[in-house]
Amino acid sequence: MSVQIHGIHAAAPNLCSVCVDGVQAGECTGRLFHYYTDRAIPFRSRFQLLACIDDLCDRIGYPQAAQQPRSFRRGQPAAPAKKEVERRMSKDELSAQKGRMATFVVHVMHRQNATWQGTVVWAEKNRKASFRSALELIKLMDSAVEESLPDPDTPQELSEENHDSFVQE
């Protein structure tokens with residue numbers, strides 16, 4: 001029997017727990033956890049969150065990027081070398097992490113066409129969705145955070161597009 005964290009196979013080496021603690025100036029803020037750190041990695045924007053997850057995938061070499069990143073810097077960027085990393089967090093510790101507003105378990109399965117494909121679970125509602133790009137992942141998380149806003153009179157700064165994108169497991 002396979003061990004799962006909110007419906008995602010727990011053996012996935014790049015499994016991340018995204019804990020959204022607040023929204024400031026329209027940006028989600030919070031903490032990121034994964035198996036290879038024993039501390040929270042804070043993020044203050046969607047871009048920082050994506051950069052942290054991408055860095056994790058580069059560090060462990062999974063999933064391998066199908067394309068080399070481009071840059072305005074001269075010369076070709078060196079291919080990121082897979083580094084031997086040691087697990088510092090158990091699956092139980094990873095699944096115990098919770099955000100104040102929302103918690104997501106993210107599994108990037110492929111990095112193709114200069115973006116990501118994978119699965120995200122909104123832990124509090126046990127809703128699971130597949131995403132075909134990093135942008136779609138952000139829109140899914142934004143829709144869940146918007147739904148989690150405590151006061152309906154609060155200005156809605158996040159996307160309203162994907163309210164029904166998560167499916168009940």
Task: Gap between atom CD of E86 and atom CG of D38 - 0.5 Å precision - done: 9.5 Å
- [ ] Please confirm whether the backbone N or O of G118 pairs with a side-chain atom of R132, one donor and one acceptor, at under 3.5 Å?
- [x] no
TODO: Dump the intermediate steps for side chain to side chain contact (heavy atoms under 4.5 Å, CB included) on L49 and V18, then the final yes or no.
DONE: CA-CA 8 Å; L49 172 63; V18 177; 3.9 Å; yes
Open item on the list: Determine whether a donor-acceptor pair (N or O, by modelled atom type, separation under 3.5 Å) exists between the side chain of Q97 and the backbone of L94.
Closed with: no
- [ ] Evaluate the criterion side chain to side chain contact (heavy atoms under 4.5 Å, CB included) for residue pair V20 and R100; output intermediate values, then yes/no.
- [x] CA-CA 6 Å; V20 177; R100 289 184 199 111; over 6 Å; no
Task: Shortest non-hydrogen contact from T119 toward I8 - done: O-CD1, 4.0 Å
- [ ] Go through the steps to decide whether F43 and D21 satisfy the test side chain to side chain contact (heavy atoms under 4.5 Å, CB included), and finish with yes or no.
- [x] CA-CA 10 Å; F43 62 89; D21 294 328; over 6 Å; no
Open item on the list: Looking at A134, is its backbone amide N or carbonyl O close enough to the side chain of T115 to form a donor-acceptor pair, meaning the two atoms are under 3.5 Å apart?
Closed with: yes
Task: Nearest heavy-atom neighbours spanning S148 and W122 - done: OG-CZ2, 3.4 Å
Open item on the list: Looking at every non-hydrogen atom in both residues, tell me the closest pair between C16 and L32 and how far apart they are.
Closed with: CB-CD1, 3.7 Å
Open item on the list: I'd like to know if the side chain of Q117 and the backbone of M109 have a donor-acceptor N/O pair within less than 3.5 Å.
Closed with: no
TODO: Please determine, by modelled atom types, if T103 and E124 share a side-chain donor-acceptor pair under 3.5 angstrom.
DONE: yes
Task: Separation between SG of C28 and CD1 of I138, rounded to the nearest 0.5 Å - done: 7.5 Å
Open item on the list: Please check: side-chain N/O of N14 versus main-chain N/O of I60, any donor-acceptor pairing under 3.5 Å?
Closed with: no
Open item on the list: I need the L149 CG to M101 CE distance, nearest 0.5 Å.
Closed with: 4.5 Å
Open item on the list: Distance check, rounded to the nearest 0.5 Å: S17 atom OG versus M89 atom CE?
Closed with: 8.5 Å
Open item on the list: Counting only heavy atoms not in R87 (residues, nucleotides, ligands), do more than 12 fall under 6.0 Å from its CZ?
Closed with: yes
TODO: Rounded to the nearest 0.5 Å, what's the gap from CZ on F131 to CE on M141? Could you check?
DONE: 8.5 Å
Open item on the list: Donor-acceptor check, side chain of E27 to backbone of R46, threshold 3.5 angstrom: yes or no?
Closed with: yes
Open item on the list: Distance check, rounded to the nearest 0.5 Å: S90 atom OG versus Y35 atom OH?
Closed with: 8.0 Å
TODO: Kindly say whether S143 contributes a backbone atom to a donor-acceptor pair with the side chain of E147 at under 3.5 angstrom?
DONE: no
Open item on the list: Can you give me the closest heavy-atom contact between L140 and S130, atom names plus distance?
Closed with: CD1-O, 3.9 Å
Open item on the list: I'd like to know if E146 and K139 make a salt bridge, using a cut-off of under 4.0 Å between side-chain N and carboxylate O.
Closed with: no
Open item on the list: Suppose we screen for side chain to side chain contact (heavy atoms under 4.5 Å, CB included). Which residues come up paired with D54, at least two apart in sequence or across chains?
Closed with: D58, R111, W116
TODO: Please confirm whether the backbone N or O of Y36 pairs with a side-chain atom of H34, one donor and one acceptor, at under 3.5 Å?
DONE: yes
- [ ] For Y62 and H107, work out which heavy atoms get closest and say how close.
- [x] OH-NE2, 4.0 Å
- [ ] Kindly give the heavy-atom pair with the smallest separation between L15 and A10, and that separation in Å.
- [x] CD2-CA, 4.0 Å
Open item on the list: Using a 6.0 Å cut-off, check whether atom CD of Q64 has over 12 heavy atoms from anything other than its own residue.
Closed with: no
